[in-house]
Amino acid sequence: MKIICVGRNYAAHAAELGNEVPTSPVIFFKPDTAVLRNNQPFFYPEYSEDIHYECEIVYRIGKEGKYVQREFARNYLDGVGLGIDFTARDLQNVAKSGGLPWTLAKGFNDSAPVSNFEPLENYPDLSQLKFELKVNQETRQQGDASLMLWPIEPLIEYITRFITLKKGDLVFTGTPAGVGPVHKGDRLQGYLEGKEMFHFLVK
Ligand code: MG
C-alpha cells in the first residue's frame, strides 16, 4: 500500500506558506508506516520542534488504475475519509531551502492519521465536500473541495499517467489555509460534511 499526497492544492494555503500556485499538481509520497488509524494518539517526535497539522480529504483506491481518464476516475475510488498530513515544518524548510526532497519532513512514522472510510454513495457530489479541523474545540481549518486547484478526478488522471494506483492505496488531496503547529496535549477532531471522522490526542 502506498500513500500519494498532493501539495499546494488550495491557492490560499500555497499563499500562506509563501509558495507560488503551481502549474501542475505537486505530488509526494508517504510510506505505509506513516498511517495511524483508529484514533490512536500521535506521539510528538523528538527530531522536530515544529510539527504542523494539515487536514485533508483522503480517498481510498478500490481497484488498479493506470492512465485513468478523469470521467472514469470515480470508478477507481471506494471510499472517502479525512486525514492529517503531519508535516515537520522545520525539516521541510531546511529541505526546501536546499532544493532537497521532503521525504523525512512528510513521511515520518505516524505522519498520516486517517479516519475510517465512507462509501462514495453517501457523497454524490465530490466537488462540494466541506470539512473542518478543530484543535482543542476551536476551529482551525475549514475546507471545501470546490476550492481545490485539482479536484480528485483530474488528480487521478494526472497521477495514473506516472504511477499505477492499486487497491488500498490512499490519496491525500491537499490542505486548505489555516495550517499551524500542534503541541503535546492537543485534541484534534476532524469533520466531513458535519460528521466527526476522527478524534485523537497529541502526546
Ligand atoms: Mg498536505
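Both ligands and their constituent atoms are indexed starting at 1 by order of listing. Just so you know, these numbers use all the heavy atoms, side chains as well, and skip hydrogens, waters and symmetry mates.
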Practice problem: For the Mg ion (ligand 1), check which protein N, O or S atoms are under 2.8 Å away and list them. | Solution: Glu54 OE1, Glu56 OE2, Asp85 OD2
Side-chain donor-acceptor pairs of residues 166-174 under 3.5 Å, sequence neighbours excluded:
| unit_1 | atom_1 | unit_2 | atom_2 | d |
| --- | --- | --- | --- | --- |
| Asp169 | OD1 | Lys2 | N | 3.0 |
| Asp169 | OD2 | Lys2 | NZ | 2.7 |
| Asp169 | OD2 | Lys166 | N | 2.7 |
| Thr173 | OG1 | Ile57 | O | 2.7 |

Practice problem: Side-chain contact test, heavy atoms from C-beta onward, threshold under 4.5 Å: evaluate it for Trp102 versus Lys96 and give yes or no. | Solution: yes
Exercise. Would you mind reporting whether Tyr158 and Trp150 have side-chain heavy atoms less than 4.5 Å apart?
Key: no
Exercise. Just grab all the salt bridge (charged side-chain N to carboxylate O under 4.0 Å, His left out) pairs involving residues 3-26, residues at least two apart or on different chains.
Key: none
Exercise. May I ask you to test the Ile61-Ile156 pair for a side-chain heavy-atom distance under 4.5 Å?
Key: yes
Using residues 192-199 as the side-chain source, report each donor-acceptor pair under 3.5 Å to any protein atom, sequence neighbours left out, with the distance given to one decimal.
| unit_1 | atom_1 | unit_2 | atom_2 | d |
| --- | --- | --- | --- | --- |
| Glu193 | OE2 | Lys130 | N | 2.6 |
| Lys195 | NZ | Glu118 | OE2 | 2.7 |
| Glu196 | OE1 | Gln189 | NE2 | 3.1 |
| His199 | NE2 | Arg187 | NH1 | 2.9 |

